[in-house]
Amino acid sequence: MGKKTRLCSLDAPISEVWQAFESLSKSETNTLRWLLDTYNNSEANRKNATSTQRQHEMYRNALTEAVGKKGTKFGDILLTDLSRITIRRYLDIAVYKVAANRHIQYLKAAWNWASQRYAQVPVENPCEKVTLNEEKPRDRYVEDWEYYLVQEIIYKTTKSHYIAIMMEFAYLCRLRNQEVRNLKHSDIKDGHIRITRTKGSLGELTKISHRLREAIIAAKCIYPNAPAPPDGAYILHDAKGLKVSKNRFDSAWQRIMEKAVSEGLKIDDHIVKLEKPFTFHDLKAKGMTDHTEHWGGHKSEKTRLVYIRKLRVIDATR
């Protein structure tokens, strides 16, 4: 709950209440909270994907509700009082170091946007030239036996068979969760499937291999009589023909991973389990690692290398 501010006396006329409220509102157009709220409500942010907007709202909440040494909320700090030292302190005291990096990257973008539009926003961005917390690149490679074990667990112990098919699309087409759920039958044409990637990555036409064709056929067998939405049928959908929701997927994936690690599956009189879980996003990395061209649509070579999870085999000099 935020700090209490007295507007006027209890018996004040309504006109005085509104005048006091408007005066208070005007005085708060120079805080971090105001800047982030203004950016999140802007046309620029509304052009982002829905998932990105949700992330920005979470980042906004984390930043504005963070409390400093003197008990002051970060969101109540005046923009003119924010400095590189303030940002550095936020990164240093954060419990979740990588998450704090994302918060500051978001703040940096919001500040750059606002400083070009509002005179009260200092031109100098306090996030500039601040070194982010160190991040260790993820190196989890999903082995083939782990991949197939999880699919077997899905088919034999759950009703969430669509997850196993989503795994195929993620691996074969090197896709993110959202990109798999966005696929439509209209994307399939002339022996290719049109891939539209998010986060600024390049799209492509992926040739339909035998295995990918099998995945498409399997997807058609799930809720085959579901109605198609006016804007086109999704390859993977629920009983109403709607796109599989992120919440539904996340809940199912978590249960599957917990089962794969704790219970496993009996194969040839032996219980086989995962030693450690993997994320659905790791399947994109596996797909890129196993792909002949290590292709995943990334414009940056640095980003592309993050997804390659196996060391290259190189000949000796002589």
Checking Y59 side chain against Q105 main chain: does a donor-acceptor pair fall under 3.5 Å? no
Side-chain donor/acceptor of N125 to backbone N/O of K108, under 3.5 Å: yes
E135 atom CD, neighbour heavy-atom count above 12 within 6.0 Å: yes
Tell me, do R248 and R181 make a side-chain contact under 4.5 Å, heavy atoms counted? no
If only atom types and distance count, is the side chain of T157 paired as donor or acceptor with the main-chain N or O of I153 below 3.5 Å? yes
Presence of salt bridge, K286 and E146, under 4.0 angstrom: no
Show the numbers, then the answer: is there a salt bridge (charged side-chain N to carboxylate O under 4.0 Å, His left out) between R33 and D37? CA-CA 6 Å; R33 189 186 309 279; D37 285 342; 5.8 Å; no
Which donor-acceptor pairs under 3.5 Å do side chains of residues 185-195 form with protein atoms, sequence neighbours excluded?
residue : atom : partner : partner atom : Å
D187    : OD1  : R194    : NE           : 3.2
D187    : OD1  : R194    : NH2          : 2.8
D187    : OD2  : K184    : N            : 2.9
H192    : ND1  : D190    : O            : 2.8

Give a yes/no verdict on a cation-pi contact between R211 and Y171, requiring under 6.0 Å between NZ or CZ and the six-membered ring centre and an angle within 45° of the axis. no
side-chain hydrogen bond (donor to acceptor under 3.5 Å, both in side chains) involving Y106 - partner list, sequence neighbours excluded: N40
So, do I267 and L149 sit near enough that their side-chain heavy atoms are less than 4.5 Å apart? yes
Tell me whether the rings of F280 and W253 are parallel (<30°), tilted (30 to 60°) or perpendicular (>60°). perpendicular
I want to know whether W111 and Y118 have ring centres closer than 6.0 Å. no
Under the 3.5 angstrom rule, does the side chain of N133 hit a backbone N or O of L91 as a donor-acceptor pair? yes
Please state whether the rings of Y155 and H161 are parallel, tilted or perpendicular, taking 30° and 60° as the class boundaries. perpendicular
With rounding to the nearest 0.5 angstrom, report the CG to CZ distance, D250 to R255. 10.5 Å
Step through the shown structure and confirm whether more than 12 heavy atoms of other residues, nucleotides or ligands are within 6.0 Å of CD on E124. no
Mark yes when over 12 heavy atoms from residues, nucleotides or ligands other than K97 sit less than 6.0 Å from its NZ; otherwise mark no. yes
